[in-house]
Amino acid sequence: MKIKIALAGNPNCGKTTLFNDITGSSQKIGNWPGVTVEKVEGNYKGAKDVQIIDLPGIYSLSPYTLEEVVTRNYLINDDPDVVLNIIDGTNLERNMYLTTQLVEIGVPMVIAVNMIDIVNKRGDVVNLDEIKKAFGCEVVEMSALKGTGVKAAMDKAIEIANSKKMPEPKIEYSEDVKAALTELEALVPEKYATSKKWFATKLFDSDKKLTSDFGIDAGIVSKGKEIADKVAKKLDDDAESIMVNERYDFINTIIGKCLSKQEKGLSVSDKVDKIVTNRILGLPIFALVMFAIYKITFVVGQAGSDYVNDNIFGDGYVPTFLNESFEKFEVAGWLQGLVVDGIVGGVGAVLGFLPLIIVLYFFMGILEDLGYMARVAFVMDRIFRKFGLSGKSFIPMLISTGCGIPGVMATKTIENEKDRRMTIMTSTFMPCGAKMPIIALFAAAVFNDSTIVAPAMFLIAMAVIIMSGIILKKTKLFAGDPAPFVMELPSYHVPAFKNVLLKVWERVKAFAIKAGTIILITAVLLWFLKGFGYVDGKFGMLEEDQLDHSLLATIGNAFAWIFAPLGFATWKSAVATVTGLIAKEDVVGTFGVLLGEEFDEENVRPLAVKVAEMFGTREVAVSFMLFNLLSAPCFAAIGAIKKQMGSAKWTWAAILWMTAMAYFLSFVTYQFMHAATAGFSVLTGVAAVLTIGFLYLLFRRNKYVTHTNEKLSAK
Ligand code: GDP
Ligand code: MG
């Protein structure tokens, strides 16, 4: 017989850390809520016939969020053998709120007080016996991160699963509520007999999903409501709030008994938070931190990239070795060209940026695991709210700095449909890992390797997202109050090396797989398309200097005019823009194939020099970079957008919005920069008019603003 152990607990209590530890898998761990949305299953390393289910983190078993619904439906309908309720020992009061509900659901249960390492370090003591008395089930302590107490917790869970011992909670409700609950229990259908305590409380709450999710007769629900209403009237409050209050009252009585806190002033963590979440300092500190990260990344990562480019690909030993071997074995010239110029040129150009990716995501992983990113989300919420946006939108943005696909997926947790759509439409403006090579290439080509380009792009992307939000919120389609964003700040802790490495590995793997598949295929395809064409009406293989007659040039020229107002109407940049849709790294790969040959040995970064040469002036290069970084994301991300939007119409809206924003911003940037050096033209005028229009959309009065919103923005 297989034993099913379900892990349940608040967001960020350490469930996934435990899950990974006991199953040996590597699910994503994030030091912010909302990382695990679906349940994940695995086998216990210690015993094959034990199955572990990592449920999404929740604060309550109410029907309001997707995570809560997934979890409670699982607990009621799938009959796990035991629930291992993980509670964050540094935050007992809030975590126990869920416990008060879990113990009533009628499943054998064990409570594991996690993060005991932090509790002990603070000098606090948790009295497990008192918790056991209150909830009537076994209680253990552990540190999922350090691995202490994990085995004991699992043993206990298995023991309770086998003995099928139900919890016997001693939750003390007030007289009126207690009487009502007893009455309500009698209404619960026979098939939910073991869970009748929980269903009684849900009837008391008039839970909206009782009928749809559990097939409880609408008649019973309304009878339940009558009973609850009587109590509500008597106590002069609504039924749901009464329930919440009673549970917290109970928790407060036991907290006093089970937790002895070391008396001291503000903890170090609180002191740090006072500064990093400060109203005025919060944002500048975040900007500084990001700047520092990108700075280190570009200094260390670029040195690594240069090494790779100079010694391995580019001019390095791979092409030299290949050329020599091809010559030795007298391989056909075209094949040599394909491998050396096409594949090594294209794929190598992209792979050269791998060291940069490693360094960047190493630092991002540290920041996140440390707990800092959660603070940033908190700071951003305050700023977003001023513009009618929710801080919940910031988490998808943050995830998008790795890859837009999980970023878009993370919007699932935004319940408000308008806000969710808006977030999907804007998250992928963020510079993801695949865009890093573009940024690095252009920083080298036109900005003298300035380390400010990357953080600048990060800030520009955030500004574009905020501006998009402001503009969209003022239209009927997106109007409405921002969803409240409740996020408690996790405790800081020393980053776990394993978690950080896992994050780096995830990015490296994605990067390498893409280089070996999509980018390789495009490189080969591009190489062929540029090698053949019509010269004087005759189709055939082209000479080196006939590139402009190639099929690729013909294709590129067919739509290069679209980019004329942005300053880069050449076929090469048009082709690179299109391949960028296949994968953003392909922008660099395409340049690698098209410009990569004849490296000049004097130059450290041959490709960057070629790119600079190709664009001619800095404004053209800047315009190209802006457009490619902000326009529609790659096809894979568009696929994710389609999945989340669940509608072709909205997917197109997202693509159009991003592309239009990118086009507009590149256009005005190019035209104004161009005017500064070459004087005004008609197009400068057009750019000026468009800018005024844009500013109008940004600053016009919001017809849809509501009172709560006004109050919030006044704060
Ligand atoms: P989940 O949201 O419940 O799945 O929580 P995670 O497993 O993603 O963990 C949230 C954060 O808490 C991560 O940064 C973990 O490294 C950290 N964490 C988890 N368990 C412990 C623990 O026992 N001690 C300490 N100090 N940190 C922990
Ligand atoms: Mg998790």
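By convention here, the first residue in the shown sequence is residue 1. Here the structure is a predicted model, which means the values were calculated and not measured. Values reported hereafter were calculated over all heavy atoms of this structure, with side chains retained and with hydrogens, waters and symmetry mates removed.
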Q: Look at atom NZ of Lys642 and say whether more than 12 heavy atoms of other residues, nucleotides or ligands are closer to it than 6.0 Å.
A: no
Q: Do any pairs count as a ring pair (Phe, Tyr, Trp, His ring centres under 6.0 Å) and have a residue in residues 500-527, sequence neighbours left out, and if so which ones?
A: none
Q: Do Ile555 and Val575 come close enough that some side-chain heavy atom pair is under 4.5 Å?
A: no
Q: Lys435: what forms a salt bridge (charged side-chain N to carboxylate O under 4.0 Å, His left out) with it, not counting sequence neighbours?
A: none
Q: Restricting to non-hydrogen atoms, name the atom on Met462 and the atom on Phe286 that form the minimum distance, rounded to 0.1 Å.
A: CE-CE2, 4.0 Å
Q: Could you grab the distance from atom OG1 of Thr522 to atom NZ of Lys514, nearest 0.5 Å is fine?
A: 10.5 Å
Q: Applying side-chain contact (heavy atoms from CB on, under 4.5 Å) to Leu360 and Tyr294, what does each step give before you reach the verdict?
A: CA-CA 7 Å; Leu360 177 61; Tyr294 280 116; 3.7 Å; yes
Q: Got a second to check how far Met436's CE is from Thr401's OG1, nearest 0.5 Å?
A: 8.0 Å
Q: Run the side-chain contact (heavy atoms from CB on, under 4.5 Å) test on Met625 and Val453 for me, step by step, so that the C-alpha distance in whole Å, both residues' side-chain angles and the decisive distance to 0.1 Å come before the verdict.
A: CA-CA 11 Å; Met625 176 174 84; Val453 183; 4.0 Å; yes
Q: Test side-chain contact (heavy atoms from CB on, under 4.5 Å) on Met364 and Lys503; report intermediate values, then the result.
A: CA-CA 9 Å; Met364 292 289 256; Lys503 283 221 165 69; over 6 Å; no
Q: Tell me if a side-chain donor or acceptor on Arg618 pairs with a main-chain N or O of Val446 at a distance below 3.5 Å.
A: yes
Q: Evaluate the side-chain proximity of Lys572 to Leu552: yes if any heavy-atom separation is below 4.5 Å, no if none is.
A: no
Q: Applying ring pair (Phe, Tyr, Trp, His ring centres under 6.0 Å) as the test, list every pair that has at least one member in residues 550-577; sequence neighbours left out.
A: Phe563-Phe568, Phe563-Phe627, Phe568-Phe624
Q: Can you confirm whether Val508 sits close enough to Ile358 that some side-chain heavy atom of one is under 4.5 Å from a side-chain heavy atom of the other?
A: yes
Q: Taking side chain to side chain contact (heavy atoms under 4.5 Å, CB included) as the definition, give me every residue that meets it alongside Ser647, ordered by chain and number, with sequence neighbours left out.
A: Lys649, Trp650
Q: Measuring only between side-chain heavy atoms, which start at C-beta, is Lys473 closer than 4.5 Å to Asp419?
A: yes
Q: Is there a side-chain contact between Phe591 and Met614, using heavy atoms and a 4.5 Å cut-off?
A: yes
Q: As an exercise, state the distance from CD1 of Ile452 to CZ of Phe447, rounded to the nearest 0.5 Å.
A: 11.0 Å
Q: Kindly compute the distance separating CG (Leu566) from NE2 (His674), expressed to the nearest 0.5 Å.
A: 12.5 Å
Q: Side chain of Asp381, backbone of Ala377: donor and acceptor closer than 3.5 Å?
A: no
Q: Under 3.5 Å, side chain of Lys418 to main-chain N/O of Ala479, donor-acceptor pair present?
A: yes
Q: Is the shortest heavy-atom distance from the side chain of Trp657 to the side chain of Ile471 under 4.5 Å?
A: yes
Q: If every non-hydrogen atom of Pro633 is compared with every non-hydrogen atom of Met658, which pair is closest and at what distance?
A: CD-CE, 3.6 Å
Q: Report, as yes or no, whether the 6.0 Å neighbourhood of atom CZ on Phe672 holds more than 12 heavy atoms from other residues, nucleotides or ligands.
A: yes
Q: Are any non-hydrogen side-chain atoms of Phe363 and Leu367 less than 4.5 angstrom apart?
A: no
Q: Does a sphere of radius 6.0 Å around CD1 in Ile280 hold more than 12 heavy atoms from other residues, nucleotides or ligands, not counting ones at 6.0 Å or beyond?
A: no
Q: Could you tell me which residues satisfy salt bridge (charged side-chain N to carboxylate O under 4.0 Å, His left out) with Asp548, sequence neighbours excluded, listed by chain and number?
A: none
Q: Can you see which heavy atom on Glu619 is nearest to which on Thr677, and at what distance?
A: OE2-OG1, 3.4 Å
Q: Which heavy atom of Pro455 sits nearest a heavy atom of Phe291, and at what distance?
A: CG-CD1, 3.6 Å
Q: Kindly determine whether Leu683 and Tyr670 satisfy side-chain contact (heavy atoms from CB on, under 4.5 Å), including the steps that lead there.
A: CA-CA 10 Å; Leu683 284 175; Tyr670 171 69; over 6 Å; no
Q: Going by side-chain contact (heavy atoms from CB on, under 4.5 Å), Ser623 matches just one of Ser573, Ser666, Pro565. Which one?
A: Ser666
Q: Could you pull out all residues at least two apart from Arg421 that satisfy side chain to side chain donor-acceptor pair (under 3.5 Å)?
A: Glu417
Q: Distance from Lys610 atom NZ to Leu594 atom CG, nearest 0.5 Å?
A: 12.0 Å
Q: Could you tell me which non-hydrogen atom of Ile343 sits nearest to which non-hydrogen atom of Leu520, and how far apart they are?
A: CG2-CD1, 3.3 Å
Q: Could you tell me if the side chain of Leu595 sits less than 4.5 Å from the side chain of Glu613, heavy atoms only?
A: no
Q: Say whether Ser550 and Lys530, considering side chains only, have a donor N or O and an acceptor N or O under 3.5 Å apart.
A: no
Q: Side chains of Thr411 and Thr423: do they bring a donor and an acceptor to under 3.5 Å?
A: no
Q: How close do Cys403 and Cys432 get, counting heavy atoms only, and between which atoms?
A: CA-CB, 4.1 Å
Q: Backbone N or O of Leu472 within a donor-acceptor pair of the Thr475 side chain at under 3.5 Å?
A: yes
Q: Say you draw a straight line from CG of Leu526 to CD1 of Ile519; how long is it, rounded to the nearest 0.5 Å?
A: 11.5 Å
Q: Check Ile465, Val464, Thr426 against Met661 for a side-chain contact (heavy atoms from CB on, under 4.5 Å) and give me the one that passes.
A: Val464
